[in-house]
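The analysis underlying the following values was restricted to heavy atoms, covering all of them including side chains, and did not include hydrogens, waters or symmetry mates.
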Amino acid sequence: MTLAEKVQKAIRDIPDYPQKGIIFKDITTLLNDGELFSEVIDYFSEKYKNVDFICGIESRGFIFGAAIAAKIKKGFVPLRKKGKLPYTTVAEKYALEYGFDEIEIHIDAFKNVKNPKVLLIDDLIATGGTAEAAVKLIEKIGGDLVAAAFIIELTFLDGAKKIKELGVEVDSLVKY
Ligand SMILES: O=P(O)(O)OC[C@H]1O[C@H](OP(=O)(O)OP(=O)(O)O)[C@H](O)[C@@H]1O
Ligand SMILES: Nc1ncnc2[nH]cnc12
């Protein structure tokens, strides 16, 4: 079985969560499988070992992003929901599959590196609203995006298109 097939098998569908009509992709069952979680981390770590920073989106993007960053010994930069970062931030509002939100990044997150090469990672891309906001924030503070990577892509919501239109490569492990 390929890694993508194993991950697909490990993810659980929860109908009507958090709202009626949404089929929620539950990654906790993937995280629960230590061997497979580790394989996913190894896969992305090998592919992106040459970046300077890993940016992860709160909160599920933190789980994968922080593990990859530690493995390749590069900095981890959290993109957090509004009001959670203590220092000066830039912010973007966005719409996602089931609501609206706002994320922020610290303005000095890439301060010590010139033209920093950055990987953005999240567990899932649906409409792409969240990732689009993240790309804009990373670029606003001087990051050079190598790719936006996701464990899961919901292709029928066309989110990858939004990101590609910003000139950023999309790398999804499992597509539905
Ligand atoms: O492509 P989009 O339509 O923007 O949706 C994708 C986003 O939605 C989920 O996060 P959520 O905001 O539910 O936060 P969580 O990770 O804290 O559960 C997911 O982890 C992505 O960040
Ligand atoms: N269907 C879905 N499952 C899990 N996370 C999501 N984020 C946005 N849409 C989602």
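- Inter-residue side-chain proximity for Y176 and I11 is flagged as met; some heavy-atom pair is nearer than 4.5 Å.
- With contacts defined as side-chain heavy-atom distances shorter than 4.5 Å, the pair K47/D171 qualifies.
- With a 4.5 Å cut-off on side-chain heavy atoms, H106 and T88 do not count as touching.
- In this structure, the side chain of S45 engages the main chain of I41 through a donor-acceptor pair within 3.5 Å.
- The two residues A149 and L119 make their nearest non-hydrogen contact at CB-CD1, 4.0 Å.
- Counting heavy atoms from C-beta on, the side chains of S59 and K81 never come closer than 4.5 Å.
- For the pair R12 and T28, the tightest heavy-atom approach, listed with the atom from each and the gap, is NH2-OG1, 3.7 Å.
- Remark: the backbone N or O of K175 is not paired with any side-chain donor or acceptor of S172 at under 3.5 angstrom.
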Checklist entry - Hey, mind stepping through V170 and K161 against side chain to side chain contact (heavy atoms under 4.5 Å, CB included) and telling me if it holds? => result CA-CA 9 Å; V170 174; K161 191 166 164 241; over 6 Å; no
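- Between F64 and the options F150, F76, Y43, F37, a ring pair (Phe, Tyr, Trp, His ring centres under 6.0 Å) holds for only F37.
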Checklist entry - Should D33 and T29 be marked as a side chain to side chain contact (heavy atoms under 4.5 Å, CB included) after you check the CA-CA gap, both sets of side-chain angles, and the distance that decides it? => result CA-CA 7 Å; D33 180 339; T29 39; over 6 Å; no
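- Not a single donor-acceptor pair under 3.5 Å links the side chain of D108 to the backbone N or O of K111.
- In summary, K6 and E39 engage in a salt bridge, as defined by a charged side-chain N under 4.0 Å from a carboxylate O.
- Of the N and O atoms on the side chains of D26 and Y17, not one donor lies less than 3.5 Å from an acceptor on the other residue.
- Separation of the F53 and F110 ring centroids falls under the 6.0 Å cut-off.
- Here the side chain of E165 pairs no donor or acceptor atom with the backbone of K162 at under 3.5 angstrom.
- With respect to the salt-bridge test (charged N to carboxylate O, under 4.0 angstrom), the residues K136 and E139 do not qualify.
- Scanning both residues, A126 and E97, for their nearest heavy atoms gives CB-OE1, 3.9 Å.
- Between L30 and D123, every side-chain heavy-atom pair lies at or beyond the 4.5 Å cut-off.
- Considering L79, I63, I57 as possible partners of D122, the one that fulfils the side-chain contact (heavy atoms from CB on, under 4.5 Å) test is I57.
- At a threshold of 4.0 Å, the pair E92-K140 counts as salt-bridged, since one of the basic side-chain nitrogens sits closer than that to a carboxylate oxygen.
- The neighbour count for E35 CD, taken as heavy atoms of other residues, nucleotides or ligands under 6.0 Å away, does not exceed 12.
- For E104 against T89, the heavy-atom pair with the smallest separation is OE2-OG1, 3.1 Å.
- Side-chain contact between D101 and I103: absent, with no pair of heavy atoms (C-beta onward) separated by less than 4.5 Å.
- We find that K25 and D13 are joined by a salt bridge, their nearest charged nitrogen and carboxylate oxygen being less than 4.0 Å apart.
- We find the CG-NZ distance between D144 and K114 to be 13.5 Å, quoted to the nearest 0.5 Å.
- Taking all atoms of both residues into account, the shortest heavy-atom contact from G128 to I163 is O-CD1, 4.0 Å.
- Here the straight-line distance linking atom OH of Y94 with atom CD of E102 works out to 9.0 Å at 0.5 Å rounding.
- At distances below 3.5 Å, at least one donor-acceptor pair connects side-chain atoms of Q19 with backbone N or O atoms of Y98.
- Here the side chain of D52 pairs a donor or acceptor atom with the backbone of K117 at under 3.5 angstrom.
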Next on the checklist: Please evaluate residues I152 and Q8 with respect to the criterion side chain to side chain contact (heavy atoms under 4.5 Å, CB included), reporting the C-alpha separation (whole Å), side-chain torsions for both, the decisive distance (0.1 Å), and the verdict.
Outcome noted: CA-CA 9 Å; I152 306 161; Q8 189 160 2; over 6 Å; no
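- Transitive grouping of hydrophobic side chains (ILVMFWY, heavy atoms separated by less than 4.5 Å) keeps F24 and L154 in distinct clusters.
- The 12-atom threshold is not exceeded at CD1 of I23, counting heavy atoms of other residues, nucleotides or ligands nearer than 6.0 Å.
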Item to check | salt bridge (charged side-chain N to carboxylate O under 4.0 Å, His left out) between R80 and E58, worked out | outcome: CA-CA 5 Å; R80 294 213 63 179; E58 184 172 358; 3.0 Å; yes
Item to check | Trace of the side chain to side chain contact (heavy atoms under 4.5 Å, CB included) decision for I151 with L124 | outcome: CA-CA 6 Å; I151 316 307; L124 180 143; over 6 Å; no
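- A heavy-atom distance below 4.5 Å is found between the side chains of I138 and I105.
- Between A109 and I141 the shortest heavy-atom distance is CB-CD1, 3.8 Å.
- Residues I54 and F44 have side chains not in contact (no heavy-atom distance under 4.5 Å, counting atoms from C-beta outward).
- At most 12 heavy atoms of other shown residues, nucleotides or ligands fall within 6.0 angstrom of atom CZ in F100.
- Here the straight-line distance linking atom CG of L157 with atom CD1 of I125 works out to 9.5 Å at 0.5 Å rounding.
- At least one donor-acceptor pair closer than 3.5 Å links the side chain of T127 to the backbone N or O of G129.
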